[in-house]
Amino acid sequence: MKKYIFSTIITLIAMFALPVKSALAEAPSSVSQKAQQQLEKQYQIINPMARTIVKVKPLAKALDQRRCDSPITIIHKPGRANRISAKAVCDHPAWTIFISATVEQWQPVAITSRALSKGTILGDSDVYLKTFDTRRLTSPYFTNPGELIGRELKRSIVANQVISPSQVEKKLLIRKGDVVYIQANKGPMSVRMTGTAQQDGSLGEQIPVINNRSGKKVYGYVKSQGVVSVSHH
């Protein structure tokens, strides 16, 4: 009886040990997997707001599963190119594998909603967001349409075109020292008083103004040429 119980225990131990042994023998991550993980991490740090996609060119199986008894190091210097190269380096045994990959970074970018002529002051209806692989864009771009509102086009631009900083400039509606109207709205009532602008301002910008009657400094948003609103923006 004792012999039977002992034999049963040994059998059960062997059964539970098998999955553990199998797990320990599992193959390590491939070289290309390590490269993809490291490259994705690098480019996500550069542009955390973008959806980053890294596609590593497949390696021959013998290279991809090459044994390394030390941590594999992925060496790559990020740049602006869509196609990139990297090195996978092992110290023990010593070897280096060259890796090719492509990087995409998809992000909403501000573009024109219609054809606009030179001198146009951009408003809400003139721009909208469209998602692009920004690594394929050759010029700087805006990701926040709000940054464009109130800016003036330096030259004509066609519909559905990415707007770059070189194409726009701030349209100053108020200059430092200008006498302006300070407008305050309370319900249906609107009160205006005169003030002196303390800095330049374009549409929607908040600037300090000295109330000419009280001498107090107030902060208001540039509403139009020579008008600053101190009501909630």
Under a 4.5 Å cut-off applied to non-hydrogen side-chain atoms, are Ile163 and Ile111 in contact?
no
Gly150 to Lys171 - nearest heavy-atom pair and separation
O-CB, 3.6 Å
Polar contact flag, side-chain donor to acceptor under 3.5 angstrom, Asp126-Ser113:
no
To the closest 0.5 Å, what do you measure between CZ (Arg80) and OG1 (Thr134)?
6.0 Å
Measure the shortest side-chain to side-chain distance between Tyr43 and Pro78 over non-hydrogen atoms and say whether it is less than 4.5 angstrom.
yes
Closest approach of Val127 to Pro145 (non-hydrogen atoms, all atoms of both residues)
CG2-CB, 3.9 Å
Interatomic spacing from CG in Leu148 to CG in Asn144 - rounded to 0.5 Å:
8.0 Å
Val109/Thr131 under side-chain contact (heavy atoms from CB on, under 4.5 Å): CA gap, chis, key distance, verdict
CA-CA 6 Å; Val109 172; Thr131 301; over 6 Å; no
Taking atom CD1 of Ile157 and atom CD of Gln167, what is their separation to the nearest 0.5 Å?
4.0 Å
When you look at NZ of Lys154, are more than 12 heavy atoms from neighbouring residues, nucleotides or ligands closer to it than 6.0 Å?
yes
Ile74 reachable from Ile46 in the ILVMFWY side-chain graph, under 4.5 Å edges
yes
So, does Gln33 use its side chain to make a donor-acceptor pair with the main chain of Ser30 at under 3.5 Å?
yes
Cluster link Leu173 to Val218, ILVMFWY, side chain under 4.5 Å
yes
Worked verdict on Asp64 versus Arg66 for salt bridge (charged side-chain N to carboxylate O under 4.0 Å, His left out):
CA-CA 6 Å; Asp64 203 27; Arg66 195 161 184 180; over 6 Å; no
Taking Ser139 for its side chain and Ser164 for its backbone only, find out whether a donor-acceptor pair lies under 3.5 Å.
no
From CA spacing to verdict: side-chain contact (heavy atoms from CB on, under 4.5 Å), Thr112, Val158
CA-CA 7 Å; Thr112 53; Val158 300; 5.8 Å; no
Taking all atoms of both residues into account, what is the closest heavy-atom pair of Asp69 and Cys90, and its distance?
N-SG, 4.3 Å
Is there a side-chain contact between Ile99 and Val56 (heavy atoms, below 4.5 Å)?
yes
For the backbone of Ala94 and the side chain of Asp91, can you confirm whether one donor and one acceptor N or O come within less than 3.5 Å of each other?
no
Specify the closest pair of heavy atoms between Leu153 and Leu116, including all atoms of both residues, with the distance to one decimal.
CD1-CB, 3.4 Å
Any donor and acceptor pair, going by atom type alone, linking the side chain of Ser156 with main-chain N or O of Lys118 inside 3.5 Å?
yes
Student check: side-chain heavy atoms of Gln199 and Ile174 closer than 4.5 Å:
no
Is the shortest heavy-atom distance from the side chain of Pro108 to the side chain of Phe132 under 4.5 Å?
no
I want to check something: taking the side chain as every heavy atom from C-beta on, are Gln198 and Ile210 in contact at a cut-off of under 4.5 Å?
yes
Step-by-step side-chain contact (heavy atoms from CB on, under 4.5 Å) determination, Ser166 to Arg155
CA-CA 10 Å; Ser166 64; Arg155 54 183 176 272; 3.8 Å; yes
Smallest heavy-atom separation, Val230 atom then Tyr219 atom, equals CG1-O, 3.7 Å
With distance as the sole test, does Ser214 use its side chain to make a donor-acceptor pair with the main-chain N or O of Lys216 at under 3.5 Å?
yes
Donor-acceptor pair, Gln42 side chain versus His76 backbone, under 3.5 Å?
yes
Any side-chain donor-acceptor pair under 3.5 Å between Thr52 and Gln105?
yes
So, taking the atom named CG in Leu172 and the one named CD in Gln225, what distance separates them when rounded to the nearest 0.5 Å?
9.5 Å
Applying a strict under-4.5 Å side-chain criterion to I, L, V, M, F, W and Y, I'd like to know whether Leu59 and Ile75 cluster together.
no
Would you say Leu203 and Tyr221 make side-chain contact, with heavy atoms under 4.5 Å?
no
Same apolar cluster: Val228 and Val191, side chain cutoff 4.5 Å:
yes
Rounded to the nearest 0.5 angstrom, the OG1-NZ distance for Thr73 and Lys34 is 10.0 Å
Show the numbers, then the answer: is there a side-chain contact (heavy atoms from CB on, under 4.5 Å) between Asp133 and Gln107?
CA-CA 7 Å; Asp133 175 8; Gln107 187 173 13; over 6 Å; no
Examine distances only and state if a side-chain atom of Asn211 and a backbone atom of Gly195 form a donor-acceptor pair shorter than 3.5 Å.
no
OG (Ser202) and CD (Glu169) are apart, to the nearest 0.5 Å, by 11.0 Å
Are the side chain of Trp95 and the backbone N or O of Arg67 linked by a donor-acceptor pair below 3.5 Å?
yes
Look only at the side chain of Asp178 and the backbone of Arg175, and say whether a donor-acceptor pair between them is shorter than 3.5 Å.
yes
What pair of heavy atoms forms the shortest contact from Tyr141 to Val162, and how long is it?
CB-CG1, 3.9 Å
Does the side chain of Asn82 come under 3.5 Å of the side chain of Thr102 through a donor N or O and an acceptor N or O?
no
Has Tyr181 got more than 12 heavy atoms of other residues, nucleotides or ligands less than 6.0 Å from its OH?
no
Is any NZ, NE, NH1 or NH2 atom of the basic residue among Glu205 and Lys170 found under 4.0 Å from an Asp or Glu carboxylate oxygen of the other?
yes
Short side-chain donor-acceptor distance under 3.5 Å, Thr196 and Asn212
yes
Taking atom CZ of Arg136 as the centre, does the number of heavy atoms from other residues, nucleotides or ligands within less than 6.0 Å exceed 12?
no
I'd like to check Val209 versus Val180 (side-chain heavy atoms, cut-off strictly below 4.5 Å). Are they in contact?
yes
